[in-house]
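These notes concern the structure reproduced below.
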Amino acid sequence: MTTMHPDVEEILFDEEKIAEIVRNMGRQISEDYKGKNLLLVSVLKGSLIFMADLMREITVPCAIDFLSVSSYGSGTTTSGEVRILKDLDASLDGKDVLVVEDILDSGVTLSYLLKNLSARNPASVRLCTFLDKPERRRVDIKADYIGASVPDKFIVGYGLDYDEFYRNLPYVGALKPCVYSHKEE
Ligand code: IMP
Ligand code: MG
């Protein structure tokens, strides 16, 4: 039995369920990218754990790279402004890029990123997100691979943070609103 952190209201996916979701995603990606030039691009830091698990479920050859974009700071909603804080190491020329994200929320970050990466002459660019929060979408964007949909709650664990904490929780949970509501304007 997983012990729940006192700041967590509800566990949405436990370790076993997460493993099953990631296994299925890896299987699908491995089928789709046979004979391709797959490059997994992890968006730091939230996708760190998902990336590490997903790449081990992928059975076709793949390279990895990382980038980091400006985050929400300590708030729980996006400012709408996106900046690349750490860029990729290598060129995307001829690569089949698969962006690996932790969660697709408003979509502002990802739509900016997909546009930015598409301009670098890759063979293809697709999006793989572990979680999707469709109710919150502000721009028209759909992921090509979605692990699971979540309700409009603030999610932590399995790499996802609130103010940099809770990333190390092995499960995906909803944070109690009282933990962040006093910081919201
Ligand atoms: P978007 O631009 O609103 O789609 O925001 C995407 C990024 O915001 C994600 O990659 C996460 O890092 C962060 N984010 C959005 N929703 C949550 C959440 O519920 N918990 C933790 N981080 C989140
Ligand atoms: Mg992220």
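Keep in mind that the numbers below use all heavy atoms, side chains included, and drop hydrogens, waters and symmetry copies. When a ligand or atom number is given, it counts from 1 through the structure's own listing order.
- For G46, the closest heavy-atom approach to ligand 1 does not fall below 4.0 Å.
- Classified by interplanar angle (parallel below 30°, tilted 30° to 60°, perpendicular above 60°), the ring pair H5/Y166 is perpendicular.
- Using a 4.0 Å cutoff on heavy atoms, K153 counts as a contact of ligand 1.
- Listed by number with element, the atoms of ligand 1 under 4.0 Å from a non-hydrogen atom of L160 are 20 (N), 21 (C), 22 (N).
- Taking only nitrogen or oxygen atoms, main chain and side chain alike, V156 does not reach within less than 3.5 Å of ligand 1.
- For the residue pair D32/Y145, the side-chain donor-acceptor check at 3.5 Å is satisfied.
- With K133 contributing its side chain and I103 its backbone, the two residues share no donor-acceptor pair below 3.5 Å.
- For E101, every heavy-atom contact with ligand 1 shorter than 4.0 Å involves the side chain, none the backbone.
- For atom 18 (C) of ligand 1, the choice among Y162, F130, F154, Y112 with the nearest heavy atom turns out to be F154.
- In this pair, F130 and F13 present their aromatic rings perpendicular. The plane angle is above 60°, beyond the 30 to 60° band.
- Put simply, the side chain of R137 gets close to the backbone of D105: a donor and an acceptor are under 3.5 Å apart.
- Interface atoms of ligand 1 facing T109, defined by a heavy-atom separation under 4.0 Å, are 1 (P), 2 (O), 5 (O), 6 (C).
- Side-chain contact between V22 and Y158 is present, with at least one heavy-atom pair separated by less than 4.5 Å.
- At least one N/O-N/O distance between G107 and ligand 1 falls below 3.5 Å.
- Taking a 4.0 Å cut-off on heavy atoms, K45 fails to register as neighbouring ligand 1.
- Of the heavy atoms in D102, only side-chain atoms (C-beta onward) come closer than 4.0 Å to ligand 1.
- Rounding to the nearest 0.5 angstrom, the gap separating the CD1 atom in I58 from the CG atom in L98 is 6.5 Å.
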